[in-house]
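Every chain is numbered from 1 and lettered A, B, ... according to where its sequence line falls, protein lines coming before strand lines. Heavy atoms only: backbone and side chains are in, while hydrogens, waters and symmetry mates are out.
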Amino acid sequence: MYSSTLLGRLTELLAPDGYIERSESELRYPSRVLTDGAEVMRIAPSPTGFVHIGTIYAGFINERIAHQTNGIFILRIEDTDKKREVEGSSEMIIKALSDFGLNYDEGPNTTAKYGPYFQSQRSKIYLGYVLDLLRSGRAYPCFATPEELQTAVKDQQTKKLRPGYYGDWALWRDKSEAEINAALDKSLPFVLRLRSNGLHSKRIVYNDVFKGKMEVPQNDLDVPLLKSDEQRLPTYHLAHVVDDYLMGTTKVFRSEEWLPSTALHIEIAEALNLPDLTYGHFAPISIIDSAGGGKRKLSKRKDKEADIQFWLAAGYPIEGIKAYLLGLANSNFEDWWRNNPSEPLDHYTVSLEKLAASRAPLLDMQKLEDYCKDFIANLPQDQFEKRLLEFSEKAGWTRFVDEVASDIVYSNNVFAIERSGDKPRKDISRWDQAYDQYGYFFDSLFEDNFRKQGRSEFLSDLDEATIFGAAQAFLATYDPTDDQVAWFDKVKAAAESVGFAIDNKAYKADPSLFRGNVADFARILRVLTTGKNRTPDLWTIMQAMGVSRIRSRLSN
RNA sequence: GGUCCCGUCGUCUAACGGUUAGGACGCCAGGUUUUCAUCCUGGCAACAGGGGUUCGAUUCCCCUCGGGAUCACCA
């Protein structure tokens, strides 16, 4: 215990602008009144750059559990590291959560009572707690320089000891008041450290919601609780414990990387005489390391998929991504999704047991695309068009958007092609593929982006005369009122009339007798009208395009 | 190195000691189709290894091996 003089001096230095006594904080943030089973969940990202898919994953899990229990979902911005903070990233986090439909009940821009929700704005609260620790002797000032700390670690390494600031290695743990005062006299920078009571040789037991009974060595590290920076912001460890207590978080669900520091967090809560928090650590999303080949966490620097912007820019439908993430979290979700293709995802109940079984799931883009294809294919027509146009605008496809707007009826027909019925087409998994999928229906886009490219790419094996002959033969009998059967009969007749085989067996027996088979003939028509060799059914396309457009394209 | 988490098809996983180890994505083959995307049918493909316990081990225990996380005034 320090003398009141020293305590006063430290308080003066740490909180020149005052602080909020912890009893006052606890009064200001009363415990919550919740319905039975309601969980208060939170995510606590730090604004250090782009929004990581892992943040969305963690956010989704927490949001679901909060909302499926009629509880509360909180967003807390952990901006205690001003050095690493990147301008604008808080806004990006808020935007991303909104884009993904992860609506928080409490957080920035809400009127909720447990704020502020930016940790940097809560510094006086933390000060109150840390001062309390100082008074009870569970915290002490440490003036060790980075160099001293470093040499200590090196020393430990050469002696094959566990690195860290603990026990005899805790330089300032047992310094006298005189020594502390002397350091203060010199205005040396200092942090406040936890005076740990733990012993590495002893173990603590606690229960992790996902991992079950955990039995690990006690924390014995005298970690910094308060930084030496001017604002006297707390470290994550202190801020997390204080905030989740004050905000009434009922379950702290976070990624597994936090598992090793949980013993520390438990000790901090204990030192503060706070009730135990309930923890659950789930496996983060991983990716194959292209360099090493091993499994590792998605990394911000190495993986473009880590950035949520990558998914948004490509136009992966949010629900497809969410469905995929849900599948990673809960292996049984997949069956539900197949059985309930048009149900909102929120109707699925996330299972903690299944989440516990999820092991560092590897991001599988192919499977994700499969989910997205399914989702887009099953969208109601009006939704499909709405989203398609929204993306087109965002992507800056101005000509595409203009063309669509210039003939709404035609566009509606085009976008409806083969999308009805039990088995709608699954052509696109992301909206950015829509330009290629639908662009050729519009004349100016066809002319600029499809016609010539298609000709040279898909018809280079045929001479001009054959191509024109085929087109003319088709046009000679083409009647837009023909049904599909009649239409195809005419296609075959036209094909035969210009030397294509309509009997595929005959063609295969001796291809030299023919210019090609019906498939080749159809290919000519297809490429001439669409510029592509892969399209929906040709008859349907022609029905949508209309006779004059068909004539013009086939005659060109 | 210490500590902790974790090992089932290529990937995500199912299996509450007894199954021909199942499904999904992907892949391959065949079918349907004027081309594709689909769709249908079929196929390839896994219990990391070694010891125990047990009538019986993918399942329980131990060891080895392997992967991951973490050991900052970052979160």
Side-chain angles (χ1 to χ4, degrees), chain A residues 44-48 78-81 83-85 119 142 144 146 149-150 153 156-157 160-165 189-193 200 208 210-211 214-217 221 223-229 233-237 239-240 254-264 281 283-284 286 288 294-297 324 327-328 330-332 334-335 337-338 354 357-371 373 377 418 422-428 437 458 484 487-488 491-492 495 502 504 517-523 525-527 530 532-539:
Chain A
S46 45
T48 53
E78 309 236 324
D79 57 344
T80 54
D81 187 354
K83 286 190 284 289
R84 285 207 318 156
E85 186 166 345
Q119 287 185 327
C142 166
L149 261 17
Q150 222 170 36
V153 169
Q156 288 167 324
Q157 277 166 348
K160 294 202 195 296
L161 292 170
R162 196 160 47 88
Y165 198 96
F190 66 99
V191 300
L192 242 41
R193 285 182 183 271
H200 189 70
D208 185 284
F210 302 125
K211 303 289 174 192
M214 294 288 296
E215 200 181 328
V216 297
L221 264 22
V223 296
L225 300 174
L226 214 58
K227 301 172 185 176
S228 64
D229 65 0
L233 287 169
T235 58
Y236 169 85
H237 310 297
H240 144 59
R254 26 133 93 153
S255 149
E256 261 172 19
E257 65 193 284
W258 292 106
L259 210 41
S261 47
T262 305
L264 162 66
H281 294 90
S286 310
I288 288 286
K295 210 175 186 178
R296 62 166 165 76
K297 217 171 65 163
Y324 176 70
L328 289 182
N330 276 193
S331 62
N332 55 332
E334 206 166 308
D335 290 331
W337 164 259
R338 270 175 219 296
K354 286 292 175 185
S358 171
R359 323 255 173 248
L362 212 50
L363 197 60
D364 180 346
M365 292 305 283
Q366 280 178 319
K367 192 156 188 170
L368 173 84
E369 301 221 349
D370 185 64
Y371 271 86
K373 269 187 189 174
E418 289 191 75
D422 284 349
K423 288 162 187 170
R425 293 186 65 88
K426 294 185 183 175
D427 286 310
I428 61 174
Q437 193 63 26
F458 306 119
Q484 189 159 9
W487 174 85
F488 188 51
V491 167
K492 283 194 281 194
I502 56 170
N504 207 32
N517 61 6
V518 176
D520 290 316
F521 186 82
R523 189 175 101 226
L525 300 180
R526 182 183 309 280
V527 174
T530 68
K532 290 159 61 72
N533 69 339
R534 297 176 176 193
T535 72
D537 171 69
L538 237 198
W539 177 79

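Comparing Leu538(A) and Lys354(A) along RNA chain B, the residue whose closest nucleotide (by nearest heavy atom) sits nearer the 5' end is Lys354(A). Both His200(A) and Asp335(A) lie close to RNA chain B; mapped to their nearest nucleotides by heavy-atom distance, the more 5′-ward contact belongs to His200(A).
Looking at heavy atoms from C-beta onward, Leu538(A) lies in side-chain contact with Leu525(A) at the 4.5 angstrom threshold.
Considering every non-hydrogen atom in both Ala44(A) and Glu78(A), the closest pair reads CB-OE2, 3.1 Å. For the pair Arg162(A) and His200(A), the tightest heavy-atom approach, listed with the atom from each and the gap, is NH2-CB, 3.3 Å. Residues Ala263(A) and Val216(A) come closest through the heavy atom pair CB-CG2, 4.2 Å.
Searching all strands for a Watson-Crick or G-U wobble partner of rG1(B) with both distances below 3.5 Å returns rC71(B). Using Watson-Crick or G-U wobble geometry with both donor-acceptor distances under 3.5 Å, rU19(B) finds no partner in any strand shown. Across the strands present, rG7(B) finds its partner in rC65(B); the criterion is a Watson-Crick or G-U wobble pair with both atom distances under 3.5 angstrom. In this structure rA29(B) sits in a base pair with rU41(B), meeting the Watson-Crick or G-U test at under 3.5 Å.
Within the nucleic acid shown, Pro217(A) comes within 4.0 Å of sugar-phosphate atoms alone, with no base atom in reach, counting heavy atoms only. Within the nucleic acid shown, Lys211(A) comes within 4.0 Å of sugar-phosphate atoms alone, with no base atom in reach, counting heavy atoms only. Among the atoms of the strands shown, base atoms are found under 4.0 Å from some heavy atom of Gln484(A). Within the nucleic acid shown, Ala357(A) comes within 4.0 Å of sugar-phosphate atoms alone, with no base atom in reach, counting heavy atoms only. Nucleic acid contact class of Arg162(A) (heavy atoms, under 4.0 Å, all strands): sugar-phosphate only.
A cation-pi arrangement, defined by a distance under 6.0 Å to the six-membered ring centre and an angle within 45 degrees of its axis, is present between Arg193(A) and Tyr165(A).
With C1' as the reference atom, rC65(B) and rC28(B) are 33 Å apart, rounded to whole Å. Using P as the reference atom, rC60(B) and rC27(B) are 35 Å apart when rounded to the nearest Å. On the C1' atoms, rA72(B) is 35 Å away from rC12(B), given to the nearest whole Å. The same atom, P, is picked in rG17(B) and in rA24(B); the two are 26 Å apart, to the nearest Å. rA37(B) and rA29(B) are spaced 13 Å apart, taking the P atom of each and rounding to whole Å. Separation of the C1' atoms belonging to rU58(B) and rU13(B) is 14 Å when rounded to the nearest angstrom. Spacing between rC9(B) and rC47(B) at atom P, rounded to whole Å, works out to 7 Å. Rounded to whole Å, the separation between the C1' atoms of rG56(B) and rC4(B) comes to 34 Å.
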Extract from the structure each pairing of a protein N or O with an N or O of nucleotides 73-75 of chain B at less than 3.5 Å, listing the distance.
unit_1: rC73(B); atom_1: O2; unit_2: Ser228(A); atom_2: N; d: 2.6
unit_1: rC73(B); atom_1: O2; unit_2: Ser228(A); atom_2: OG; d: 2.9
unit_1: rC73(B); atom_1: N3; unit_2: Ser228(A); atom_2: OG; d: 2.6
unit_1: rC74(B); atom_1: OP2; unit_2: Lys227(A); atom_2: NZ; d: 3.0
unit_1: rC74(B); atom_1: O2'; unit_2: Asp81(A); atom_2: OD2; d: 3.3
unit_1: rC74(B); atom_1: O2'; unit_2: Arg84(A); atom_2: NE; d: 3.3
unit_1: rC74(B); atom_1: O2'; unit_2: Arg84(A); atom_2: NH2; d: 3.0
unit_1: rA75(B); atom_1: OP1; unit_2: Thr80(A); atom_2: OG1; d: 2.9
unit_1: rA75(B); atom_1: OP1; unit_2: Lys227(A); atom_2: NZ; d: 2.1
unit_1: rA75(B); atom_1: OP2; unit_2: Tyr236(A); atom_2: N; d: 3.4
unit_1: rA75(B); atom_1: O3'; unit_2: Glu78(A); atom_2: OE1; d: 2.7
unit_1: rA75(B); atom_1: O2'; unit_2: Ser46(A); atom_2: OG; d: 3.0

Show the distances under 3.5 angstrom between N or O atoms of the protein and N or O atoms of nucleotides 44-46 of chain B.
none

Distances under 3.5 Å between nitrogen or oxygen atoms of protein and nucleotides 25-31 of chain B:
unit_1: rC25(B); atom_1: O2'; unit_2: Lys367(A); atom_2: N; d: 3.3

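Using a 4.0 Å cut-off between charged side-chain N and carboxylate O, Arg84(A) and Asp81(A) make a salt bridge. Using a 4.0 Å cut-off between charged nitrogen and carboxylate oxygen, Asp335(A) and Arg338(A) do not count as a salt-bridge pair. Comment: Glu256(A) engages Lys211(A) in a salt bridge, judged by a side-chain N to carboxylate O separation of less than 4.0 angstrom. A salt bridge links Asp427(A) with Arg425(A): the closest approach of a Lys/Arg side-chain nitrogen to an acidic carboxylate oxygen falls below 4.0 angstrom.
The side chain of Lys423(A) lies closest to rC39(B) when the candidates are rU70(B), rC5(B), rC39(B).
The nearest whole Å value for the distance from the CD atom in Gln437(A) to the C1' atom in rA37(B) is 8 Å. Across the protein-nucleic acid pair, Asp208(A) atom CG and rC6(B) atom C1' stand 14 Å apart, rounded to whole Å. For His240(A) and rA72(B), the NE2 to C1' distance is 18 Å, given to the nearest whole Å. In this structure, Arg425(A) places its CZ atom 19 Å from P of rU32(B), rounding to the nearest Å. Atoms CG (Asn330(A)) and C1' (rG23(B)) sit 16 Å apart, rounded to a whole Å. Between Trp539(A) atom CH2 and rU35(B) atom C1' the separation is 17 Å, expressed in whole Å. A straight line from CG of Leu362(A) to P of rC6(B) spans 18 Å, rounded to a whole angstrom. Rounded to an integer number of Å, the gap from Lys532(A) NZ to rA37(B) C1' is 10 Å.
At rG7(B), one or more side-chain N or O atoms of Arg359(A) fall inside 4.0 Å of OP1 or OP2 (strictly under the cut-off). Considering only side-chain N and O atoms, Lys426(A) lies nowhere under 4.0 angstrom from the phosphate OP1 or OP2 of rC36(B). In this model, the phosphate group of rU13(B) is approached by a side-chain N or O of Ser358(A) to a distance below 4.0 Å at OP1 or OP2.
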- Message: With salt bridge (charged side-chain N to carboxylate O under 4.0 Å, His left out) as the criterion, how do Asp370(A) and Lys373(A) come out once you've worked through the C-alpha distance, each side chain's angles and the decisive distance to 0.1 Å?
- Response: CA-CA 5 Å; Asp370(A) 185 64; Lys373(A) 269 187 189 174; over 6 Å; no
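Asp79(A) pairs by the side chain to side chain donor-acceptor pair (under 3.5 Å) definition with Lys82(A), Ser120(A), not counting sequence neighbours. Judged as a side chain to side chain donor-acceptor pair (under 3.5 Å), and not counting sequence neighbours, the contacts of Glu369(A) are Tyr316(A), Ser429(A). Residues that satisfy the side chain to side chain donor-acceptor pair (under 3.5 Å) test with His281(A), not counting sequence neighbours, are Asp208(A), Arg254(A), Thr262(A).
Between Tyr236(A) and Trp258(A), the ring planes lie parallel to each other; the angle is under 30°, not in the 30° to 60° tilted range.
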